[in-house]
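Let me begin by presenting the structure, written as structure tokens, before commenting on it.
Position 1 is the first residue of the sequence, and the numbers go up from there.
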Amino acid sequence: MRTASLTDTGSVSIPPRTTRGTDEKRRMLLRSLLVVLAVGQPVSSLVFDWLSPTTLQSGAEFSPLVPPGAWFAIWGVIILLSLAYALAQARPSTLTALPSIRDRVAGPLGVVFACFGLWLATAALGQDNPLGLVVFIVIISAHVVAWTRVVRARDELAAWNPLERGLLYGLLGTYSGWTSMAFFVQIGTVVQGSGAPVDTAWGQTWQLLVLLAASGLAVAFVLGSRASIVYAATVTYALVGVGISAGAAGLTLLVIGCVVGVALVWASVIVIRATDARHPAPTAPGSVRR
């Protein structure tokens with residue numbers, strides 16, 4: 001029996017499932033998870049307000065190294081940027097056949113978002129709980145990974161629309177800037193909670209050492225981010241807040257330490273940007289430099 005030819009029947013062939021298709025689904029799932037974790041930040045904040053047996057304290061009345069309560073409004077900005085970027089990168093139209101920088105930063109940013117709730121859980125046990133330091137170490141490590149990948153992909157990011165590129169740089173700059181300083185504020189809180197003095201000569205000395213260490217990490221982040229202005233501005237904001245609390249506590253030496261820290265951060269920004277301007281990194285053929 002003759003069989004009719006299957007050619008030109010108007011039917012559409014269905015390509016077999018490929019590894020690339022499976023990889024795209026996995027990457028889109030990771031991006032969707034990032035949205036869930038971003039939403040989890042304001043949710044966990046509300047849960048903390050409702051259920052936590054303790055409240056977060058701030059200002060000179062609590063510790064000279066903790067900024068005034070109004071300073072913590074920056075968390076609202078960070079959370080909004082987290083939500084905006086997570087939603088922007090989850091659009092199906094942004095998914096490419098090969099992994100992009102959106103996919104490479106989704107993992108470390110997901111870790112950061114998840115740790116926000118973990119840190120609040122440790123804070124519910126007391127602000128001087130040393131477990132909070134462990135969470136901050138994970139957050140800072142994730143930021144290092146994210147910044148490393150973003151800096152390496154600057155040419156790719158130059159092709160993004162300005163709004164989405166601004167969301168990513170704004171999110172990384174504010175989040176890493178605030179948490180890298182909050183880590184040392186937490187160190188000061190833990191040390192103070194263990195009974196260390198804060199207004200004696202020794203008390204001012206150990207707190208000054210904490211500030212100098214914070215400044216050192218900030219300079220390292222400025223180098224790693226290739227002089228992110230947003231990062232430097234956020235660190236400045238944090239150190240000004242610490243300086244206000246230290247001044248209210250009458251600890252002039254700590255105020256000077258904050259001024260030195262700000263100066264070191266901006267000096268690093270100027271040096272790195274001047275160096276990059278003199279010796280720009282080579283670009284790949286057909287790429288656009290930022």
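- Two residues are said to be in side-chain contact when any heavy atoms from C-beta on lie closer than 4.5 Å; Leu133 and Ile187 meet this criterion.
- Note on Leu131 and Val190: separate hydrophobic clusters, where clusters join Ile, Leu, Val, Met, Phe, Trp and Tyr whose side-chain heavy atoms are under 4.5 Å apart, directly or indirectly.
- Following chains of ILVMFWY side-chain contacts shorter than 4.5 Å, one cannot reach Trp202 starting from Ile256, and the two form parts of different hydrophobic clusters.
- When side chains are defined from C-beta on, Leu109 counts as touching Tyr85, because their heavy atoms get closer than 4.5 Å.
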Task: Test log, rule side chain to side chain contact (heavy atoms under 4.5 Å, CB included), inputs Ser82 and Leu171 - done: CA-CA 6 Å; Ser82 300; Leu171 170 61; 3.4 Å; yes

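- When atom types are taken as modelled, the side chain of Ser180 and the backbone of Ala218 share no donor-acceptor pair closer than 3.5 angstrom.
- Val111 and Leu34 fall into different hydrophobic clusters, where Ile, Leu, Val, Met, Phe, Trp and Tyr are joined by side-chain heavy atoms under 4.5 Å apart, directly or via other members.
- Minimum interatomic distance between Gly193 and Asp128 (heavy atoms only, all atoms of both residues): CA-OD2, 3.8 Å.
- Side chains of Ser141 and Ile137 form a contact here, defined as non-hydrogen atoms less than 4.5 Å apart.
- The closest donor-acceptor contact from the side chain of Gln207 to the backbone of Val198 lies under 3.5 Å.
- Closest heavy-atom contact between Leu37 and Gly110: CD1-O, 3.4 Å.
- Leu211 is listed as a side-chain neighbour of Cys258, based on a closest heavy-atom distance under 4.5 Å.
- The shortest side-chain heavy-atom distance between Thr54 and Leu125 does not fall under the 4.5 Å cut-off.
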Task: Test log, rule side chain to side chain contact (heavy atoms under 4.5 Å, CB included), inputs Val66 and Phe72 - done: CA-CA 10 Å; Val66 178; Phe72 291 87; 3.9 Å; yes

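- Hydrophobic cluster membership is shared by Trp75 and Val135, with clusters built from Ile, Leu, Val, Met, Phe, Trp and Tyr side chains linked at under 4.5 angstrom.
- Of the charged side-chain nitrogens involved, at least one lies within less than 4.0 Å of a carboxylate oxygen, so that Arg26 and Asp23 count as a salt-bridged pair.
- Note on ring orientation: taking the six-membered ring where Trp is involved, the planes of Phe113 and Tyr175 are parallel (angle under 30°, cut-offs 30° and 60°).
- Put simply, the side chain of Phe116 reaches to within 4.5 Å of the side chain of Ile79, judged on heavy atoms.
- Taken from CE in Met181 to CD1 in Ile140, the straight-line distance is 8.0 Å, to the nearest 0.5 Å.
- Under the 3.5 Å distance criterion, the side-chain polar atoms of Arg91 are matched with a main-chain donor or acceptor of Ala88.
- Checking Glu24, Arg31, Met28 one by one against Asp103, the side chain to side chain contact (heavy atoms under 4.5 Å, CB included) holds for a single residue, Arg31.
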TODO: Could you walk me through whether Leu168 and Leu172 pass side chain to side chain contact (heavy atoms under 4.5 Å, CB included), step by step?
DONE: CA-CA 6 Å; Leu168 177 58; Leu172 274 179; 4.2 Å; yes

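- Residues Val219 and Val259 are members of separate hydrophobic clusters, defined by side-chain heavy-atom contacts under 4.5 angstrom among Ile, Leu, Val, Met, Phe, Trp and Tyr.
- Here the side chains of Trp71 and Val240 are in contact, with some heavy-atom distance below 4.5 Å.
- A distance of 8.0 Å separates CD of Gln127 from OG of Ser58, quoted to the nearest 0.5 Å.
- Across Val265 and Ala232, no two heavy atoms sit closer than the pair CG1-CB, 3.7 Å.
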Task: Leu254 vs Val242, side chain to side chain contact (heavy atoms under 4.5 Å, CB included): CA-CA, chis, key distance, verdict - done: CA-CA 8 Å; Leu254 300 187; Val242 172; over 6 Å; no

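- Here Arg226 contributes atom CZ and Arg152 contributes atom CZ; the two are 12.5 Å apart, rounded to the nearest 0.5 Å.
- The shortest non-hydrogen separation linking Leu167 to Ala84 is CD2-CB, 3.8 Å.
- Contact annotation: the side chain of Trp147 never approaches that of Val105 to less than 4.5 Å [non-hydrogen atoms, C-beta and beyond].
- At distances below 3.5 Å, at least one donor-acceptor pair connects side-chain atoms of Gln89 with backbone N or O atoms of Ala86.
- For the atom pair OG1 of Thr96 and CD1 of Ile101, the computed distance is 11.0 Å after rounding to the nearest 0.5 Å.
- When every heavy atom of Ser176 is checked against every heavy atom of Tyr231, the shortest pair comes out as OG-CD1, 3.3 Å.
- Residue Pro108 comes nearest to Arg149 through the heavy atom pair CD-NH1, 3.7 Å, listed as atom of the first residue, atom of the second, then distance.
- For the pair Ser52 (side chain) and Asp49 (backbone), a donor-acceptor distance under 3.5 Å is absent.
- Rounding to the nearest 0.5 Å gives a distance of 9.5 Å between CD of Gln41 and CG of Leu120.
- Rounding to the nearest 0.5 angstrom, the gap separating the CZ atom in Arg27 from the CZ atom in Arg104 is 10.0 Å.
- Classification of the Trp178-Tyr237 ring pair by plane angle, with boundaries at 30° and 60°, yields tilted.
- Formation of a donor-acceptor pair under 3.5 Å by the Ser194 side chain with backbone atoms of Val191 is found in this model.
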